[in-house]
Each structure stands twice: as C-alpha cells, then as structure tokens.
Engineer: 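The following block contains the structure, expressed as structure tokens.
Lettering follows sequence order; numbering is per chain, from 1.
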Number of protein chains: 2
Amino acid sequence: MQVTTKPETPHSSEECKHSIRAVHDAMYVLGGKWKISIIACLLFGAKRYSDILREVEGISGKMLSRELKEMEVNFLVKRTVGKSQPVMVSYELTEYGESVKPVISTLANWGHIHRKCVTKNS
Amino acid sequence: MQVTTKPETPHSSEECKHSIRAVHDAMYVLGGKWKISIIACLLFGAKRYSDILREVEGISGKMLSRELKEMEVNFLVKRTVGKSQPVMVSYELTEYGESVKPVISTLANWGHIHRKCVTKNS
DNA sequence: AGTAATAGTAACATGCAGGTAACTACTAAA
DNA sequence: TTTAGTAGTTACCTGCATGTTACTATTACT
C-alpha cells in the first residue's frame with residue numbers, strides 16, 4: 001500500500017486517468033505534425049491537393065498525401081476525384097471531421113492568446 | 001497567376017493561414033507525446049512527481065522530468081519543493097496553465113466520443 | 001550498517017517520423 | 001514532341017524524440 005502526502009480520493013485518480021485516456025485517444029487520431037493543421041485548413045471549405053499544399057506551409061507532398069490517406073481511413077476526410085481535365089482531386093471534411101471543429105477552434109484560440117503573451121514579454 | 005476550380009476569396013485563404021498559424025503556435029508549446037496528458041492530470045490538483053508518474057501511464061521518469069521542466073520554463077507549471085522528510089516535490093498548474101483547460105476538455109470530450117464511435121463499429 | 005523511498009540525472013541506444021529527390025501517368029497547350 | 005500542370009508514389013536517408021538502464025543524494029526506518 002502506498003501512502004502519499006495528499007491522500008487524494010481514489011475517485012479523483014480514476015477520473016484523472018479516464019480524462020487522460022480520452023485525451024490520448026484523441027491525439028492518436030489527430031496526432032502527427034500536420035493533421036490538425038490540415039483539418040483547420042479544410043474547415044474553410046473543400047480544397048484541392050495543391051491548394052492544401054500551398055496553405056499548410058512547410059508540409060511536403062508526401063506527408064500531405066500520407067496524412068490525407070490516414071484521415072480518409074478514419075472517416076475524417078472525403079476524397080473526390082473530379083471528372084478529368086487535368087484530373088482535380090478535392091478533399092473535404094466529413095460530418096465526423098467537422099466534429100473536430102470545436103477542438104481546433106479552442107486550440108487556435110489558445111494559441112492566439114499564447115502568442116500575445118509571448119510577444120508581450122519579449 | 002493560378003486559377004483554381006473554386007476561386008476562393010483571398011480573404012478566406014488568409015483567414016485559413018491565420019488559423020493554422022494559431023494552431024501551430026499552440027502545438028509548439030503543448031506538443032510532444034506527454035505534455036497534454038500531464039496537464040490533464042494536473043487539472044485535478046497539485047501532484048507529486050511519483051504521483052504523476054503513476055497516473056500518466058507509460059511515461060518514463062526521464063520524460064516526465066523533462067516535460068515538466070519545459071512546462072516550468074513556459075510558465076505552465078509551478079514546482080514547489082517541500083521542506084524535506086523524504087524530499088517531496090509538488091507540481092501544480094499556474095494560472096496560465098489553467099487556461100489550457102478548455103483545450104484539454106474539448107479534446108477529452110472529442111476523444112470520448114471518438115472512442116464510442118470506434119468501439120461501436122468494431 | 002543496510003535497505004527503501006523520494007526525485008531526479010547521465011550515458012547510451014534506437015525507431016520511426018519526416019524530409020528530399022526522382023519518378024510515374026494523364027491531359028492540354030505551344 | 002516538348003513543356004507544364006495536376007496528383008501522386010517510391011526509395012533513400014537522417015535526426016530527434018523517446019526508451020532503457022544505471023547512477024546520485026538525502027532522509028528515515030530497522
């Protein structure tokens with residue numbers, strides 16, 4: 001038996017682990033360097049491969065197609081191939097993908113505030 | 001000049017990049033495999049090193065001290081050394097660290113729903 | 001004196017996330 | 001027929017983010 005200084009109800013510890021697990025689950029799907037940025041980008045509407053490539057600065061073609069494919073498997077994104085001309089593939093969020101929106105906007109909001117804090121103290 | 005199928009106002013593209021930048025800023029501070037879990041854990045109150053080690057399952061001692069140190073530098077976490085007995089160091093979120101709470105809970109919430117979706121379809 | 005617990009640090013090892021560059025396949029325009 | 005623009009894929013390579021293990025220092029208990 002362990003005794004900690006601050007006994008802490010087993011209840012709160014369970015709650016804590018539960019919450020950590022949920023966060024972990026989310027990060028399992030949304031993790032990686034680019035997925036969240038891609039979703040953020042697609043929240044502004046359906047985009048083509050090259051559009052995303054241009055808007056998500058720094059991402060390489062390989063990573064973009066890789067992440068998109070993963071997100072398609074997870075039903076976050078839908079891929080549509082337009083009837084040729086010069087091919088045209090467009091990507092859009094599924095309804096499920098849209099459900100990530102609150103996560104993104106909370107995160108973006110915090111990031112925004114954080115940037116202000118940092119630049120203020122420099 | 002590029003012509004895209006869906007012309008998309010430059011306005012929305014700017015907005016999009018702006019939002020991506022904010023998300024990126026946030027992930028710069030909260031990124032890494034463990035920080036979000038640690039914060040989630042500390043949202044339930046101040047904890048000692050070994051408590052966190054136990055509650056954030058899978059984390060190694062090295063990573064824990066490393067991530068905690070980084071978060072201290074970023075003013076997300078406060079470290080307090082108790083006057084000995086067997087030493088006792090406790091960590092708690094700063095007010096600034098608490099401001100991440102909405103992010104965590106939105107994420108946890110989504111993770112929770114996601115888990116339900118996955119287990120349902122299996 | 002020896003053991004255990006706390007909170008770490010240091011040295012070493014490694015896998016995989018991610019980058020780069022070259023290549024394909026299709027179409028259209030010059 | 002050569003160039004350019006789409007949307008990728010493939011092979012190769014590298015570094016860093018982590019993991020593992022062993023070690024320290026302090027105090028308390030037996």
Engineer: Could you list by number each residue of residues 72-80 of chain A showing a heavy-atom separation from DNA chain D of less than 4.0 Å, or answer none if no residue does?
Structural biologist: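 Hits under 4.0 Å, by residue number: R79(A).
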
Engineer: Can a donor-acceptor pair be found, under 3.5 Å and without considering hydrogens, that links the side chain of K69(B) to the backbone of S65(B)?
Structural biologist: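 Such a contact is absent between K69(B) side chain and S65(B) backbone.
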
Engineer: When you measure from the side-chain N and O atoms of S60(A) to the phosphate of dG18(C), is any distance below 4.0 Å, counting only OP1 and OP2?
Structural biologist: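 Negative; the distance criterion is not met.
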
Engineer: On a plain distance test, is the side chain of K62(A) in donor-acceptor contact with the base of dG8(D) below 3.5 Å?
Structural biologist: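 No, no donor-acceptor pair under 3.5 Å.
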
Engineer: For Y28(B) and G111(A), indicate whether the former's side chain and the latter's backbone hold a donor-acceptor pair under 3.5 Å.
Structural biologist: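 A pair under 3.5 Å: no.
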
Engineer: Consider the side chain of Y91(A), meaning its heavy atoms from C-beta on, and name the nucleotide among dA7(D), dG8(D), dA7(C) that approaches it most closely.
Structural biologist: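 Shortest atom-to-atom distance from the side chain points to dG8(D).
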
Engineer: Of the candidate nucleotides dA7(C), dT18(D), dT6(D), which contains the atom at the shortest distance from the side chain of K33(B)?
Structural biologist: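 Selected nucleotide: dT18(D).
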
Engineer: So, the side chain of S90(B) versus the backbone of R48(B): is there a donor-acceptor pair under 3.5 Å, distance only?
Structural biologist: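 Checking the backbone N and O of R48(B) against the side chain of S90(B), no donor-acceptor pair under 3.5 Å is found.
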
Engineer: What nucleotide among dG19(C), dG19(D), dA7(D) has an atom nearest to a side-chain atom of M63(A)?
Structural biologist: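 Looking only at heavy atoms from C-beta outward on M63(A), the closest nucleotide is dG19(C).
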
Engineer: Judged by each residue's nearest nucleotide on DNA chain C, which is more toward the 5′ side, G61(B) or R66(A)?
Structural biologist: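 Its nearest nucleotide lies further toward 5', so the answer is G61(B).
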
Engineer: Is there a donor-acceptor pair under 3.5 Å between the side chain of S19(A) and the backbone N or O of A40(B)?
Structural biologist: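 Side chain of S19(A) to backbone of A40(B): no pair is present.
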
Engineer: With the side chain of K69(A) defined as its heavy atoms from C-beta on, choose the nearest nucleotide among dT9(D), dA7(D), dT18(D).
Structural biologist: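 For K69(A), the side-chain atoms sit closest to dT9(D).
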
Engineer: Working to the nearest 0.5 angstrom, can you tell me the gap between K35(A) NZ and M71(A) CE?
Structural biologist: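 Atom-to-atom, K35(A):NZ and M71(A):CE are 7.5 Å apart.
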
